[in-house]
Amino acid sequence: MGVVLTKEIVRVDQVVGEDRAQAVVEGVINLPAGKPDISRVISVKADVDMESLKISILDGKIMVEGELEVDAMYVANIASQPVHAVEGRIGFSFFAKIPGAKKDMAVKVMPKIEYSKYSFDPQKPREITASFVIQFLVKVLQRVEVEIAVDATGPADLQVLKETVKLDHIVGDAAAQSIAKGDISVPAVKPDILDIVKVQGMARTTQIKVLDNKIIVEGVLDVGVLYVARVPEGHPQQPVHFLEGQIPFTQFVEIPGAKESMTKIVRVEVEHIRGRKKDDRTVAVEAVLKVMVRVYETKVLDVITDLFSPSEKLDVKKVELKIDQVVGENENQIIVKETVMVPDAKPDILEIYSTNATARVDNARIIDGKVIVEGTLLVETLYVAKVPEGQPQQPVHFMEHEIPFTTFVEVPGAEENMMLDFDLIVEHVTASFDPNSPRKMEIRAIIKLFAKVTKTVELEVVTEVIEPEEETPEKPGEKPEEKPSLTIYIVQKGDTLWKIAKRYNVTVDSIVKANKLENPNMIMPGQQLIIPR
């Protein structure tokens with residue numbers, strides 16, 4: 001009687017390796033024609049343009065080339081429009097060493113700007129020199145699709161050994177572009193628009209649905225506009241103002257096989273945003289969004305690692321499988337609130353233009369089923385200053401603050417030596433102040449921690465069972481080899497009942513019954529076992 005295997009196809013990303021690399025990126029941002037000379041630099045920010053990355057793999061080395069998108073704001077000596085924005089790009093390159101990396105493998109690059117510095121030479125009023133320190137985490141992944149045997153039927157005495165594994169079966173991942181368009185109106189208390197200085201946006205999801213193998217992503221683009229106002233003569237001259245608005249968006253991403261019960265990871269990035277003055281009270285905004293979705297299903301499988309039959313010879317084919325077994329995953333959200341002071345060298349706050357924040361991880365560890373992350377909230381605030389009449393009117397100022405925080409998430413079963421993969425996201429940040437205390441500002445941020453703990457498991461799993469050709473029948477007069485009716489076996493270190501039963505070609509159950517074992521998993525070195533025949 002043959003053996004029939006029931007198989008399940010599993011698609012997983014195996015981590016070939018990872019490495020960290022640091023790059024120091026330096027460059028000069030030049031003002032384009034039409035922009036006035038620089039009097040003072042307010043702020044310089046940068047992001048890695050992920051679309052510009054060029055990745056090549058050669059002999060276990062990952063070569064990465066790309067560009068930084070740099071945004072700077074500065075003050076010019078023009079009373080009617082003192083604040084201006086300028087953009088530029090700075091190239092960079094680095095390499096990471098990951099043994100075993102090959103050309104056909106996927107490379108994941110995760111950058112984090114750890115330090116930035118800028119300078120301005122009054123003798124060169126059309127240049128801003130900027131330098132950045134970027135930490136890159138590079139992972140090489142290989143997606144494999146394996147048929148794993150999860151059940152077997154055959155002879156009555158078929159012995160099957162299984163091991164339970166928990167893994168992420170990747171249903172699919174895909175990305176799509178979305179265009180978010182809308183008008184942002186000037187509030188009644190704000191003056192008319194003369195010119196737009198800068199438009200910025202941050203996308204967030206509000207609802208994720210699954211419909212007919214499609215992931216429907218609904219969200220909101222939070223827009224901030226810095227503009228120069230048309231202030232009538234005789235009114236207080238506060239030329240720089242800020243307004244906010246929201247633009248909803250909806251985008252679908254096709255992922256065949258996706259179901260509502262599966263885990264969906266969605267990221268929305270603002271690739272490009274621009275605004276134009278539609279009329280004196282309206283800004284028309286258009287943004288290009290990149291919506292990235294991954295769908296996976298956590299499966300718990302009892303995979304067959306070995307089998308045999310005392311009554312039939314079987315040729316068992318196996319394959320070595322190296323997988324990241326999921327120990328557990330969870331997420332947690334915390335609110336960080338802190339009151340900070342305006343630096344002594346800065347003027348009082350009249351109006352807060354914008355507040356941005358990123359979370360820096362200072363330490364992450366696993367302790368007793370918990371993932372604990374200690375970090376620092378890096379807060380950047382752009383504000384309109386309250387400048388007394390008669391003093392130089394430099395209304396826009398920039399300040400930075402660091403706020404420490406600690407958060408944790410429970411992952412039962414997680415241990416210190418396991419692999420930790422986590423994501424720390426600042427979902428929302430706001431800054432407010434009391435006009436009666438213009439040197440105090442309250443920061444409120446929502447930070448989300450998603451953590452997954454895995455351990456690498458190497459298994460030999462059964463993929464095929466072949467019945468060998470029938471043996472030549474015994475010749476007349478030949479006596480079969482006599483076997484003893486029973487054998488006494490002394491348990492050795494590392495033995496299991498399965499190994500002993502397979503060695504003597506008997507069933508596990510027969511050894512259990514012959515020795516009246518209460519717990520088949522508890523046998524000790526030196527213990528004597530009867531092996532029935």
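Sequence positions, counted from 1, serve as the residue numbers for this chain. This structure is a prediction, so every number in the text was calculated from the model and none was measured.
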Novice: Just wondering, do His428 and Val426 contact through their side chains at under 4.5 Å, heavy atoms?
Specialist: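 Of all side-chain heavy-atom pairs linking His428 with Val426, none is under 4.5 Å.
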
Novice: Check whether more than 12 heavy atoms from other residues, nucleotides or ligands sit under 6.0 Å from atom CE of Met202, and answer yes or no.
Specialist: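 Incorrect, the count does not exceed 12.
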
Novice: Can you confirm whether Ile511 sits close enough to Val506 that some side-chain heavy atom of one is under 4.5 Å from a side-chain heavy atom of the other?
Specialist: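 Yes, close enough: below the 4.5 Å cut-off.
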
Novice: Under 4.0 Å between a Lys/Arg side-chain N and an Asp/Glu carboxylate O for Lys108 and Glu18?
Specialist: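 No, no charged N to carboxylate O under 4.0 Å.
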
Novice: For Phe94, give me all partners under ring pair (Phe, Tyr, Trp, His ring centres under 6.0 Å), at least two apart in sequence or on another chain.
Specialist: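 Result, ring pair (Phe, Tyr, Trp, His ring centres under 6.0 Å) vs Phe94: Phe136.
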
Novice: Could you pull out the closest heavy-atom pair between Asp157 and Ser309, with the gap in Å?
Specialist: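 Taking Asp157 first and Ser309 second, the nearest heavy atoms are OD1-OG, 2.8 Å.
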
Novice: Is the shortest side-chain heavy-atom distance between Met50 and Val48 below 4.5 Å?
Specialist: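 SC-SC contact between Met50 and Val48 confirmed.
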
Novice: Atom CD1 in Ile90, atom CG in Leu68: separation rounded to 0.5 Å?
Specialist: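 Reported value, rounded in 0.5 Å steps: 6.0 Å.
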
Novice: Does Lys448 have any side chain to side chain contact (heavy atoms under 4.5 Å, CB included) partners at least two apart in sequence or in another chain, and if so, which?
Specialist: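 Once residues adjacent in sequence are excluded, the partners of Lys448 under the side chain to side chain contact (heavy atoms under 4.5 Å, CB included) criterion are Glu331, Glu427.
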
Novice: Look at atom CZ of Phe95 and say whether more than 12 heavy atoms of other residues, nucleotides or ligands are closer to it than 6.0 Å.
Specialist: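 Check fails, neighbour count at 12 or below.
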
Novice: Short question: side chain of His169, backbone of Arg11 - any donor-acceptor pair under 3.5 Å?
Specialist: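 At least one qualifying donor-acceptor pair exists.
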
Novice: Considering residues, nucleotides and ligands other than Gln207, do more than 12 of their heavy atoms fall under 6.0 Å from its CD?
Specialist: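 It does: Gln207 CD has more than 12 such atoms within range.
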
Novice: How long is the span from the NZ atom in Lys45 to the CZ atom in Phe132, to the nearest 0.5 Å?
Specialist: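 Taking NZ in Lys45 and CZ in Phe132, the distance rounds to 11.0 Å.
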
Novice: Please determine whether a side-chain nitrogen of the Lys or Arg among Glu464 and Lys317 lies less than 4.0 Å from a carboxylate oxygen of the Asp or Glu.
Specialist: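 Answer for the salt bridge query: no.
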
Novice: Would a distance-only check, ignoring hydrogens and angles, find a side-chain to backbone donor-acceptor pair under 3.5 Å from Asp49 to Glu69?
Specialist: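 Absent.
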
Novice: Among Asp151, Asp302, Asp306, which residue meets the salt bridge (Lys or Arg N to Asp or Glu O under 4.0 Å) test with Lys162?
Specialist: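 One option only clears the test, and that one is Asp151.
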
Novice: Any side-chain to backbone donor/acceptor pair from Asn330 onto Glu410? Under 3.5 Å, distance only.
Specialist: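 Yes, the answer is positive, given that a donor and an acceptor are paired below the 3.5 Å cut-off.
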
Novice: What's the shortest heavy-atom distance between Ala431 and Ile443, and which atoms?
Specialist: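 Residues Ala431 and Ile443, closest heavy atoms: CB-CD1, 3.8 Å.
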
Novice: Regarding Asp222 and Gln246, do their side chains bring together a donor and an acceptor under 3.5 Å, going by distance alone?
Specialist: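 The answer is yes; a qualifying pair exists.
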
Novice: Can you see which heavy atom on Pro520 is nearest to which on Leu497, and at what distance?
Specialist: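 So the two residues come closest at O-CD1, 3.5 Å.
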
Novice: Determine the minimum heavy-atom distance between Lys299 and Ile9, stating which atoms define it.
Specialist: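 Here Lys299 and Ile9 meet closest at NZ-O, 4.2 Å.
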
Novice: With the side chain counted from C-beta on, respond yes when Val316 and Phe308 share a heavy-atom pair under 4.5 Å apart, and no when they do not.
Specialist: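 No, side chains not in contact.
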
Novice: Checking the side chain of Asn356 only, and the main-chain atoms of Glu380 only, is there a donor and an acceptor separated by less than 3.5 Å?
Specialist: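 Side chain of Asn356 to backbone of Glu380: no pair is present.
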
Novice: How about CG on Asp59, more than 12 heavy atoms from neighbouring residues, nucleotides or ligands closer than 6.0 Å, or not?
Specialist: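 No.
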
Novice: Can you name the one residue among Ile447, Val373, Ile372, Val336 that meets side-chain contact (heavy atoms from CB on, under 4.5 Å) with Thr407?
Specialist: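 For Thr407, the side-chain contact (heavy atoms from CB on, under 4.5 Å) test succeeds with only one of Ile447, Val373, Ile372, Val336, which is Val373.
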
Novice: Check whether any side-chain heavy atom of Ile55 lies under 4.5 Å from a side-chain heavy atom of Ile62, and answer yes or no.
Specialist: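 Touching, per the 4.5 Å side-chain cut-off.
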
Novice: Salt bridge (charged side-chain N to carboxylate O under 4.0 Å, His left out) between Lys54 and Glu65: does it pass, once the steps are laid out?
Specialist: CA-CA 5 Å; Lys54 295 179 181 178; Glu65 295 179 296; 5.9 Å; no

Novice: Is it the case that the side chains of Arg444 and Thr430 hold a donor-acceptor pair, with the cut-off being a distance below 3.5 Å and no angle test?
Specialist: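 The criterion, which ignores hydrogens and geometry beyond distance, is not satisfied for Arg444 and Thr430.
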
Novice: About how many Å separate CD of Glu254 and NZ of Lys214, when rounded to the nearest 0.5 Å?
Specialist: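 These two atoms lie 5.0 Å from each other.
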
Novice: Are there more than 12 heavy atoms of other residues, nucleotides or ligands under 6.0 Å from atom NZ of Lys455?
Specialist: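 No, because the 6.0 Å sphere around NZ of Lys455 holds 12 heavy atoms or fewer from other groups.
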
Novice: Can you confirm whether Phe252 sits close enough to Val217 that some side-chain heavy atom of one is under 4.5 Å from a side-chain heavy atom of the other?
Specialist: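 Of all side-chain heavy-atom pairs linking Val217 with Phe252, none is under 4.5 Å.
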
Novice: If every non-hydrogen atom of Val253 is compared with every non-hydrogen atom of Ala174, which pair is closest and at what distance?
Specialist: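 Scanning both residues, the minimum pair turns out to be CG1-CB, 3.5 Å.
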
Novice: Report yes if some heavy atom in the side chain of Asp495 is under 4.5 Å from a heavy atom in the side chain of Pro525; otherwise report no.
Specialist: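 Side chain of Asp495 against side chain of Pro525, heavy atoms only: no contact under 4.5 Å found.
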
Novice: When you look at Gln159 and Val508, which way does the side-chain contact (heavy atoms from CB on, under 4.5 Å) test go after all the steps?
Specialist: CA-CA 8 Å; Gln159 302 293 289; Val508 172; 3.7 Å; yes

Novice: Verify the neighbour count for atom CD1 of Ile490: are there more than 12 heavy atoms of other residues, nucleotides or ligands below 6.0 Å?
Specialist: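 No, because the 6.0 Å sphere around CD1 of Ile490 holds 12 heavy atoms or fewer from other groups.
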
Novice: Report the distance from atom CD of Glu312 to atom CG of Asn505, rounding to the nearest 0.5 Å.
Specialist: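 Atom-to-atom, Glu312:CD and Asn505:CG are 11.0 Å apart.
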
Novice: Pair Leu459, Val165 - check side-chain contact (heavy atoms from CB on, under 4.5 Å), show working.
Specialist: CA-CA 10 Å; Leu459 292 175; Val165 296; 3.5 Å; yes

Novice: Applying side-chain contact (heavy atoms from CB on, under 4.5 Å) between Leu420 and each of Thr454, Val371, Val327, report the one that passes.
Specialist: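 For Leu420, the side-chain contact (heavy atoms from CB on, under 4.5 Å) check succeeds only for Val371.
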
Novice: Supply the atom-to-atom distance Glu260 CD to Ile215 CD1, rounded to the nearest 0.5 angstrom.
Specialist: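 One gets 8.0 Å once the value is rounded to the nearest 0.5 Å.
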
Novice: Please round to the nearest 0.5 Å and tell me the distance separating atom CG of Asn332 and atom CZ of Phe450.
Specialist: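 CZ of Phe450 is found 12.5 Å from CG of Asn332.
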
Novice: If the test is salt bridge (Lys or Arg N to Asp or Glu O under 4.0 Å), which one of Asp168, Asp173, Asp104 qualifies with Arg143?
Specialist: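 That would be Asp173.
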
Novice: May I have the step-by-step check of side-chain contact (heavy atoms from CB on, under 4.5 Å) for Lys452 and Met419, ending in yes or no?
Specialist: CA-CA 8 Å; Lys452 178 189 287 186; Met419 290 183 292; over 6 Å; no

Novice: Quick one, Glu269 with Leu289, criterion side-chain contact (heavy atoms from CB on, under 4.5 Å). Give me CA distance, side-chain angles, the key distance, then yes/no.
Specialist: CA-CA 6 Å; Glu269 294 180 355; Leu289 310 179; over 6 Å; no

Novice: If you draw the axis of the six-membered ring of Tyr489, does the NZ or CZ of Lys499 fall within 45° of it and under 6.0 Å from the ring centre?
Specialist: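 Output no; distance or angle outside limits.
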
Novice: For the residue pair Glu26 and Ser131, what are the closest heavy atoms and their distance?
Specialist: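 Looks like CG-CB, 3.5 Å.
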
Novice: Here's a test for you: under side-chain hydrogen bond (donor to acceptor under 3.5 Å, both in side chains), which of Gln251, Gln177, Glu51 qualifies with Lys290?
Specialist: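 It is Glu51; the other options fail the test.
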
Novice: Is Glu518 atom CD crowded by more than 12 heavy atoms from other residues, nucleotides or ligands, each under 6.0 Å away?
Specialist: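 Result for CD/Glu518: open.
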
Novice: Could you walk me through whether Lys259 and Glu297 satisfy the salt bridge (charged side-chain N to carboxylate O under 4.0 Å, His left out) test, starting with their C-alpha distance in whole Å, then the side-chain angles of each, then the deciding distance to 0.1 Å, before giving a yes or no?
Specialist: CA-CA 9 Å; Lys259 297 179 181 177; Glu297 181 181 17; over 6 Å; no

Novice: Compare all side-chain heavy atoms of Val293 with those of Ile265 and state whether any distance is below 4.5 angstrom.
Specialist: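 No, side chains not in contact.
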
Novice: Please indicate whether Asp212 has more than 12 foreign heavy atoms, meaning atoms of other residues, nucleotides or ligands, lying under 6.0 Å from its CG.
Specialist: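 Open: at most 12 neighbouring heavy atoms sit under 6.0 Å from CG of Asp212.
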
